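Below: one structure, written as structure tokens.
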Amino acid sequence: MSRPRILQKVRSACRVKPPAPLPSGYPGAPRFQDPVDVFRRELEAVGGVFLDARNRNPAETLSQVLEQTGHTEVFWEEEKIFTKHGLPYRLRLPESFSTPNLVFSYHYQGRVRLPITLAARSIELDRLAAIPVSASSAAFGIAETGTIVQTVGPGRGRLLNVLPETHIVFLAQGDLLSNMDQLLQRIRPGEEGSALTLVTGPSRTADIGKVLVKGMHGPRRWFVILTEDGG
Amino acid sequence: MQLRIRPNTSAVLSDATLQANLKPALEKSLLSRDRAVAEVSNWEELRQHAHDVKAHTLSRLDHYLQELERKVMAQGGKVVWADTGAEALEFIVGLLQEREIKKVAKSKTMLGEEIHLNEELERAQFDPVETDLGEYIIQLSRETPFHIVTPALHKSKEEVVELFGRELDMPPTDDVEAITATARAVLRRHFLTAGAGITGVNFGVAETGTLAVVENEGNVRLCASLPEVHIAIMGIEKVIPRARDLAVFLKLLSRSATGQKSTSYVNFINGPRREGEWDGPREFYLVLVDNGRSRILADPELRQTLACIRCGACLNVCPVYQRIGGHAYGSTYQGPIGAILTPQLTSAEAAPEHPFASSLCGACYETCPVKIEIPHILLKLRERVQRSRQRLARHLPLEAWAMQFWAWAMSSPNRYGFLGNLMRRVQPYFVRKGRMRVPMPPFSGWDRYRDLPPLPEKSFREQFRALNKEGK
Ligand code: SF4
């Protein structure tokens, strides 16, 4: 194919000039005394909602969000929501996490529904796309830009975070970084899973008459619930 | 085929609506850009870093492309090299045929525009659907992008309502939320039934095999998650060495492009879905496209054109773009970057007017987040056009003669003074109220959009002499 030809052309083109050096250092980025405060400000500036659940039961905060949005169900697929953010364990259906499944619950009443299996994809995709509210656990948060870092892994996909109109992210305080440079020093993209997404507020567009509209393809309502570490 | 700009301009310049809306829209982008940039205390340091990283990468591009290829393959992705746009298209069409895929969800990619991806897919009986709202509007109205970042910038709300009414049976409304909701619903169906997703790439990280793609709507994320096959097309110049450089480039790009601190989504894509992951594409292809880039790389001075991160800031700030808009350029890339890139991707002869579509004010260079010396490159390209014209000089004796006369007049202070004096005396017979009294080819037309001010009574040197005398 064209590989050798292109590489040959590129190689001889490179030689018209001596190689330029690669900068060894990196420019600095802001570090904050109180990243929570900055994070809240930036998130709100892009139309997200910040909820502080550090001194309360995160399940209560979740109920509030559901009440506010007029929904009773929330869907999630990460066990971390229970272990990391301290949601009551009775909302959990243990065996559903042993296979890559999607779990949803009437968490408000503390009842857990049967998991939807995602085996029959063509049917399930439509059902998945019809889910109104989902929740996930953030790998990290970035204060400078009000950003949430979402990763994928076994049993933890990408679609549930982006298809619904309302999404709720649990972020542990200890995972809140000041800037993106810190993130890229902590993690190596691709190490954990095949996709990593930095999400800053709701999905948006300004393509019609420069008017800002939320919820173009992804969530229109974007909530971040901050929890205590190891909750 | 020759790309011209001049014949397209009179229509745009006399389009009152466009003239009234364009500049304010661009100024709005500029204002948020300026605000976002002013907040960054080390903006200049970031620019320089990005500039240096790009210069380094380009000088060792063969090395980094191979490293990127290795890393993408190690993650289960496939890498395809395309020398020309036609080769890239051939591969994509072949793959879709083999997989028996009809519908393709596309996100915005300027490279896709450059190689005419949609036209080719349609010609081959596929069904490509643009999923970025602006691009979707452009696709439905069968136009080309007006701006590399905001392709439907020139469309008013009313025009979109009319278009969606006709194409999507949307009932009339003037609520932008409702229009957007219609697009969301229509495009969601397309997403759920598309067999492949095609996206562009903003940065390909050699160190980790990560492809970074920025967006606001979530459509790139869906293009790269829902269909079974994901094809990412990337110009060979888009590679960067290290993951940590992303923090710098992403900051520069989002703030320069839209004035956002970060775009709503930044997608890091590392190959197809892995064992245990229940969604994401099963097949991932990275198509590396040269299409003239290695030729640009081979010119030591013009090479820096390839550092462009397509932020569009130079368009917004350009006094020429602010007047003539994007379509007048007739090329995939518009504004200052289009003026330098187009003749290089094609040839000086194919786009002879592009390097001249600039006042050389330098605003583009000041704004450019990777410090590309656009005015300098424009001059180099003008030289090229001039040289190719000189080869045709026999056809243009008048211009050559005029230039020689000019050089003769300018090279002696006495001659210059004498001729200036002469001009001041005769001008009033030809010019009145900023216009020529009678059209005089080849000068007529020049004053249609410009004033021709009267020459002052005394020359600068005369005034200076008088001042000096007074001083004494
Ligand atoms: S030339 Fe510079 S300012 Fe213009 S689009 Fe490219 S990176 Fe942006």
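These numbers come from a predicted model, not from an experiment. Protein chains get the first letters and strands the later ones, always in sequence-line order, with residue 1 at the start of each.
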Starting at CG of A/Leu163, measure out to CG of B/Leu192 and round the result to the nearest 0.5 Å. 7.0 Å
Look at the aromatic rings of A/His217 and B/Phe191 and report parallel, tilted or perpendicular, splitting at 30° and 60°. perpendicular
Taking side chain as C-beta onward, heavy atoms only, is B/Glu301 less than 4.5 Å from A/Lys17? no
Evaluate the side-chain proximity of A/Glu165 to B/Arg184: yes if any heavy-atom separation is below 4.5 Å, no if none is. yes
Sort A/Pro202 into side chain, backbone, both or neither according to what part of it lies under 4.5 angstrom from a heavy atom of chain B. backbone
Checking side-chain polar atoms at under 3.5 Å, does B/Glu217 have a donor or acceptor matched by the opposite partner on A/Ser203? no
Taking every heavy-atom pair that is under 4.5 Å apart, which of B/Glu158, B/Glu69, B/Lys71, B/Glu159 has the most such pairs with chain A? B/Glu69
With only heavy atoms counted, which part of A/Ile148 is less than 4.5 Å from chain B, the side chain, the backbone, both or neither? neither
Should A/Ile6 and B/Leu288 count as side-chain neighbours, where that means a heavy-atom distance under 4.5 Å? no
N-O pairing of A/Lys9 and B/Asp83 below 4.0 Å: yes
Under 4.5 Å from a heavy atom of chain B, the part of A/Pro19 involved: both
For the residue pair A/Met216 and B/Leu187, establish whether any side-chain heavy-atom pair is separated by less than 4.5 Å. yes
I'd like to know if A/Glu42 pairs up with B/Lys261 as an ion pair, taking the criterion as any Lys NZ or Arg NE/NH1/NH2 lying under 4.0 Å from an Asp or Glu carboxylate oxygen. yes
Taking every non-hydrogen pair under 4.5 Å, which of B/Gln260, B/Arg293, B/Arg295 racks up the most with chain A? B/Gln260
I'd like to verify something: which residue of B/Val53, B/Leu65, B/Thr150, B/Ile296 has the highest number of heavy-atom pairs under 4.5 Å with chain A? B/Val53
For the CG atom of B/Asp52 and the CG atom of A/Leu22, what is their distance to the nearest 0.5 Å? 9.0 Å
Are the charged groups of B/Glu177 and A/Lys214 less than 4.0 angstrom apart, N to O? no
Donor-acceptor pair, side chain of A/Arg11 and main chain of B/Leu61, under 3.5 angstrom: no
Give a yes or no answer on whether the side chain of A/Arg158 reaches the backbone of B/Asp279 with a donor-acceptor pair at less than 3.5 Å. yes
By a 4.5 Å heavy-atom criterion (distance strictly below it), what part of A/Asn179 contacts chain B: side chain, backbone, both, or neither? neither
Scored by heavy-atom pairs under 4.5 Å with chain A, the best of B/Ser59, B/Ser41, B/Gly218 is B/Ser59
So, the side chain of B/Asn270 versus the backbone of A/Ala195: is there a donor-acceptor pair under 3.5 Å, distance only? no
Side chains of B/Gln75 and A/Ser194 only: does a donor on one sit below 3.5 Å from an acceptor on the other? no
With side chains defined as the heavy atoms from C-beta onward, is the minimum distance between B/Leu133 and A/Ile208 less than 4.5 Å? yes
Hey, are the side chains of A/Thr197 and B/Val266 touching, using non-hydrogen atoms and a 4.5 Å cut-off? no
Side chain, backbone, both or neither: which part of A/Val46 has a heavy atom under 4.5 Å from chain B? neither
A/Ser24 versus chain B, the contacting section by heavy-atom distance below 4.5 Å: backbone
If you compare all heavy atoms of B/Ser294 against all heavy atoms of A/Val10, which two are closest, and at what distance to 0.1 Å? CB-CG2, 4.1 Å
Ion pair check, B/Glu87 and A/Arg5, cut-off under 4.0 Å: yes
Shortest non-hydrogen contact from A/Arg204 to B/Ser264? CG-OG, 3.2 Å
Report yes if some heavy atom in the side chain of B/Leu46 is under 4.5 Å from a heavy atom in the side chain of A/Tyr26; otherwise report no. no
What part of B/Pro241 gets within 4.5 angstrom of chain A, counting heavy atoms only: side chain, backbone, both, or neither? side chain
Quick check on the interface: out of B/Asn267, B/Asn219, B/Val160, B/Ile269, who has the most heavy-atom pairs with chain A under 4.5 Å? B/Asn219
A/Asp207 vs B/Glu135 side-chain heavy atoms within contact, under 4.5 Å: no
